[in-house]
Amino acid sequence: MNEIPTRFNFNVIEPQWCQYWEDHKVFHGHAAPEKKPYSIVIPPPNVTGILHMGHALNNTLQDILIRYKRMRGFETCWMPGTDHAGIATQNVVERQLAKEGKTRYDIGREQMLQRLWAWKDQYGGTIINQLKKLGSSCDWDRTRFTMDADYSEAVKEVFVRLYDKGLIYRGKHIINWCPRCQTALSDEEAEHREQQGALYYIRYPLKGRPGTHLTVATTRPETMLGDTGVAVHPDDERYKNFIGQKVVLPILQREIPVVADAFVNPAFGTGAVKVTPAHDPNDFAMGTRHHLDPINILHPNGVLNENAGDFAGLDRFEAREAIIETLKELKLLEKVESHTHAVGHCYRCHTVVEPYLSQQWFVKMAPLAQPALQAVLDGKITFTPDRWTKVYLNWMENIRDWCISRQIWWGHRIPVWYCQNCKEGENIIVAKTEPKICPRCQSSQLVQEEDVLDTWFSSWLWPFATFGWPPQKGNDREGKDNEETLRYFYPTNALFTASEIIFFWVARMIMAGLEFMGEIPFSDVYIHGTVRDAQGRKMSKSLGNAIDPLEIIKEYGADALRFSLIINSGQDLYISKEKFEIGRNFANKIWNASRLILTHIPEHQRQPECWMTMTPGQLDLPSRWIISRFYSTLDEISKAIETFRFSEAESLLYEFFWRNFCDWYLEINKTNFSDPVISSIVFFLMEQSIHLTHPFMPFVTEEIHSQIKKEAGPLAVQSWPESRREWISQDAEKDMQILIDIITQLRNIKAQWQIKPGQAIDCILASEDPKQLTLLKTNAAVIQAAIKINTLTFSQEFPNVKGQATGLVDKTTFSVPLSGIIDVQEEKKQIVQQLQDIQKFITNLSQRLGSGAFIQKAPADVVQKERERLIDFQNKKQELEKLLNSLD
RNA sequence: GGGCGCAUAGCUCAGCUGGUUAGAGCGCUGCCCUCACAUGGCAGAGGUCGAAGGUUCGAGUCCUUCUGUGCCCACCA
């Protein structure tokens, strides 16, 4: 009989789970009864990715929702895939090369791309497999990659369309430059971090006035080599006389003008600013206004170039030290103040980025942002939690142009060719396919742009490019026309992501969706928290505080990982290893409850009709109660999932299954399985609970389901339980609560007076309320199933037995004769304490009800409720006094 | 400099539009290896809801200020 192991251990049956996805090719296009689409936009992980807790949380949330919708009969689509992650992937392969002592320039673009593709082919599936282990029920055979051939077509299409619309331009601007990755970055890709730095005060001698100087303050003294001016505020009295004069740039001895510009803040530093147009965006703007030429002093790798004079060849930070030394020697360093400021870092390699003047491609964002802003204002797209709406709107309102060119090789090469024969500025040809000749001069000397596009320039097309946009005559996987499938699932329904992705991706997808599809890409954006360690630090490889989800899966099981993560996910999650015990224990409870039921209830007793054809009145109280609990829990869980309150849904499930079903219903009835009605209810609730649990814990539930009804196919495509309000009964829940309270108090008496669990007691239950007395009598068996009792007697009057332990529940008093065992004084003390507590409530309530303001202003039903409560308390007080007197 | 969160039991958090005696998990204490589960069962202890004002018949819940704490954005060098 006992062939089922006592532990649900993921590892024991892991081989089966490897088979899981093969067996369960059910996650799309199954016979969805409603034929209504429901789709989720997955944040495609980096192809270099390795599953971390953030992925686990993100994907579990999505999986709960998609499994729920699938069970509700929707035709679901959850398209998985990976992002080519330009810089990240190239970095990985460059590190490989470095081990061979080579750089990408040594092997050239062609070979480098070959190696990149080879790497992708070998390791690109890692994260996908890991998501499978987590249980993500994606449409796996739709798996996409942002550099798939047709996806690349979409990227080119978008570039050409935006260019033709005048929304893409090329220009020389200050951008964020990563000297390690040697590429431009967008503003979002430069992470600003507060840093303790220094403010250096440097003297710039005035030309022709020996002994006088102007002092400027800077945090990056090495950039002085690129200075072409000094600016002061036009109204600054201190410097009025200097405007129009020249200062001599120390070290390089370049003569540069002093200009007046309202941008300068007189209160900061000395009120005089060095102007370095090539290395600071503000300075660039000022330089343009005052015709100060930019001088670039840096090589792309952060080493100073020939414009740096003697400092050429030094790294930028070495140069900083060297220049400070030199200025000290020249007695031109006035002072150094410590200064905290935000410094930009490359989001891929964490190197300090440089503001750098260079020729790049940009997208003009304001026209795209306008409709995206409006869609959210109009409520077509909602953020959960709501506060992120503001963050989104604020960014959209202050949007800046997007630098989309990257000086790397891994990515979509910009579809631009330059004619060698035409004039600079007129030589640009933008086309989806390589042009043979220049349309202007017919020359065939064309050279393609070297740069590739920002990875996010492909990611922002994900919700529609994955379906093969723009639609082509080619068929999609199901033999349908691309466009049909695209239009069926687009706009999608939900997007789950972390807050740091709102700007990178969410906002841009909304813009792209509206621009190219003419419709929002999704209606609900759910922003989840960040997974942190127990100390609240972000989990990261470099900190070494990361908990590996795969290790948790091995040790606790994927269900445990999923359940524990979600139940802990209010805002940010503070996770330590022990946190996963809750999920493991719950999975174990489910497993063992099913084991009990499956081994004790034979198949012929599993028919739900046995009880479902009955009326509530024909069932005993515990059954009415547990059925009521089940159906109200069902409704609450459905509602919680629909409103994105996932951790609440899990709490409800936990409470019902463990605290109600296992602790009470099974405990009361586990010796009654021969009763056909009881066994039919037990089995039904077990089976339906497995359905309810499935979105949260797919593995254990799928396994149990296969033991029950393998022939019905996977649980993943069974139906969500049907709501049945008519079985929800407040009365049943209230009456059962009385029984539960009595049993608990009786057990408490036993525990308090150290009566062994196996030892029986006598008990007299008394109530003057005939209805309650009937309730007790009818359910005597329930009480006796829960606690060992010799003789259980009922009475209208409270008995006065010497040496009794007593108690009061609702309108019932009870007495347990324990003469010689209990301490009467202690017993009295407890009742006196209860009386005191009740007196407090009575005083409070009488006061409230005595106040005219309350009676007048509070709603009638509240007043009525309070009146009833007062009477209740007064009755209780009387009963307790009776108990107290009986002890004398 | 702007914006957004959070502060409730020893720990981690629930508490949705203000209305019974503020809940859960972990941890803790005591008793149980009872034939599904010790990854278990039973019982219990533990909170003046960060501080001070205010609105209200009524505040953990709304408003103001403060304190502590975390995050995001920003071109003051």
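Keep in mind that the numbers below use all heavy atoms, side chains included, and drop hydrogens, waters and symmetry copies. Below, chain A is the first sequence line, B the second, and so on; all start at residue 1.
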Compare the minimum distances between each of [options] and the side chain of [X], then state the nucleotide with the smallest one.
{"X": "Leu666(A)", "options": "A36(B), A77(B), C57(B)", "answer": "A36(B)"}
{"X": "Val264(A)", "options": "A77(B), C4(B), U39(B)", "answer": "A77(B)"}
{"X": "Val862(A)", "options": "A77(B), A36(B), G19(B)", "answer": "G19(B)"}
{"X": "Glu194(A)", "options": "C57(B), A74(B), C75(B)", "answer": "A74(B)"}

Short question: side chain of [X], backbone of [Y] - any donor-acceptor pair under 3.5 Å?
{"X": "Glu189(A)", "Y": "Ser186(A)", "result": "yes"}
{"X": "Asp572(A)", "Y": "Gly529(A)", "result": "no"}
{"X": "Thr643(A)", "Y": "Ala640(A)", "result": "yes"}
{"X": "Asn588(A)", "Y": "Arg584(A)", "result": "no"}
{"X": "Asp559(A)", "Y": "Val700(A)", "result": "yes"}
{"X": "His173(A)", "Y": "Ile175(A)", "result": "no"}
{"X": "Asp227(A)", "Y": "Gly229(A)", "result": "no"}

Step-by-step salt bridge (charged side-chain N to carboxylate O under 4.0 Å, His left out) determination, Glu555(A) to Lys577(A): CA-CA 10 Å; Glu555(A) 228 173 293; Lys577(A) 231 175 161 186; 3.0 Å; yes
Roughly how many Å apart are [M] and [N], using the [atom1] atom of each and rounding to a whole number?
{"N": "U56(B)", "M": "A14(B)", "atom1": "C1'", "result": "26 Å"}
{"N": "C63(B)", "M": "U55(B)", "atom1": "P", "result": "15 Å"}
{"N": "C76(B)", "M": "G1(B)", "atom1": "P", "result": "12 Å"}
{"N": "G50(B)", "M": "C16(B)", "atom1": "P", "result": "14 Å"}
{"N": "G2(B)", "M": "A45(B)", "atom1": "P", "result": "50 Å"}
{"N": "G46(B)", "M": "U29(B)", "atom1": "C1'", "result": "11 Å"}
{"N": "C73(B)", "M": "U17(B)", "atom1": "C1'", "result": "32 Å"}
{"N": "C13(B)", "M": "A22(B)", "atom1": "C1'", "result": "14 Å"}

Indicate whether OP1 or OP2 belonging to [N] is found under 4.0 Å from a side-chain N or O atom of [X].
{"X": "Arg747(A)", "N": "A43(B)", "result": "yes"}
{"X": "His339(A)", "N": "C76(B)", "result": "no"}
{"X": "Lys876(A)", "N": "U20(B)", "result": "no"}
{"X": "Asn748(A)", "N": "G44(B)", "result": "yes"}
{"X": "Asn585(A)", "N": "G40(B)", "result": "yes"}
{"X": "His600(A)", "N": "A36(B)", "result": "yes"}
{"X": "Trp658(A)", "N": "G41(B)", "result": "yes"}
{"X": "Lys390(A)", "N": "C4(B)", "result": "yes"}
{"X": "Arg400(A)", "N": "A74(B)", "result": "yes"}

Evaluation steps, ring pair (Phe, Tyr, Trp, His ring centres under 6.0 Å), between Phe504(A) and Tyr347(A): CA-CA 12 Å; Phe504(A) 275 123; Tyr347(A) 84 137; 5.4 Å; yes
Find the distance [X]:[atom1] to [N]:[atom2] and express it as a whole number of Å.
{"X": "Ile575(A)", "N": "C26(B)", "atom1": "CD1", "atom2": "C1'", "result": "13 Å"}
{"X": "Asn398(A)", "N": "C75(B)", "atom1": "CG", "atom2": "P", "result": "10 Å"}
{"X": "Tyr556(A)", "N": "U39(B)", "atom1": "OH", "atom2": "P", "result": "12 Å"}
{"X": "Asn592(A)", "N": "C35(B)", "atom1": "CG", "atom2": "P", "result": "13 Å"}
{"X": "Tyr574(A)", "N": "A7(B)", "atom1": "OH", "atom2": "C1'", "result": "11 Å"}
{"X": "Asn568(A)", "N": "C11(B)", "atom1": "CG", "atom2": "C1'", "result": "12 Å"}
{"X": "Ile761(A)", "N": "C42(B)", "atom1": "CD1", "atom2": "C1'", "result": "13 Å"}
{"X": "Glu578(A)", "N": "U39(B)", "atom1": "CD", "atom2": "P", "result": "15 Å"}

Using atom names, set out every protein N or O paired with an N or O of nucleotides 27-33 of chain B below 3.5 Å, distance rounded to 0.1 Å.
{"unit_1": "C32(B)", "atom_1": "OP1", "unit_2": "Lys756(A)", "atom_2": "NZ", "d": "3.3"}

Using the 3.5 Å cut-off, write out each protein N or O paired with an N or O of nucleotides 22-25 of chain B and the distance between them.
{"unit_1": "G25(B)", "atom_1": "OP1", "unit_2": "Arg659(A)", "atom_2": "NH1", "d": "3.0"}

Applying a 4.0 Å non-hydrogen cut-off, can you work out what [X] is touching in the nucleic acid: base, sugar-phosphate, or nothing?
{"X": "Lys670(A)", "answer": "base"}
{"X": "Ser651(A)", "answer": "nothing"}
{"X": "Asp663(A)", "answer": "sugar-phosphate"}
{"X": "Pro859(A)", "answer": "base"}
{"X": "Phe586(A)", "answer": "nothing"}

Evaluation steps, ring pair (Phe, Tyr, Trp, His ring centres under 6.0 Å), between Trp177(A) and Tyr356(A): CA-CA 6 Å; Trp177(A) 182 266; Tyr356(A) 195 66; 5.0 Å; yes
Pairwise distance CZ(Arg203(A)) to NZ(Lys335(A)) - rounded to 0.5 angstrom: 10.5 Å
Residue whose closest nucleotide on RNA chain B lies nearer the 5' end, Thr744(A) versus Glu667(A): Glu667(A)
Stepwise salt bridge (charged side-chain N to carboxylate O under 4.0 Å, His left out) test for Lys274(A) and Asp283(A): CA-CA 8 Å; Lys274(A) 59 194 269 312; Asp283(A) 293 8; 5.4 Å; no
Other residues, nucleotides, ligands: >12 heavy atoms within 6.0 Å of Gln196(A) CD: yes
Runs of at least three consecutive pairs that involve RNA chain B, where pairs are Watson-Crick or G-U with distances under 3.5 Å: B:1-7 with B:67-73, B:10-13 with B:23-26, B:28-32 with B:40-44, B:50-54 with B:62-66
Candidates Thr382(A), Thr389(A), Thr384(A) - the one meeting side chain to side chain donor-acceptor pair (under 3.5 Å) with Asp386(A): Thr389(A)
Derivation of the salt bridge (charged side-chain N to carboxylate O under 4.0 Å, His left out) call for Glu879(A) and Lys811(A): CA-CA 8 Å; Glu879(A) 295 292 327; Lys811(A) 290 170 185 152; over 6 Å; no
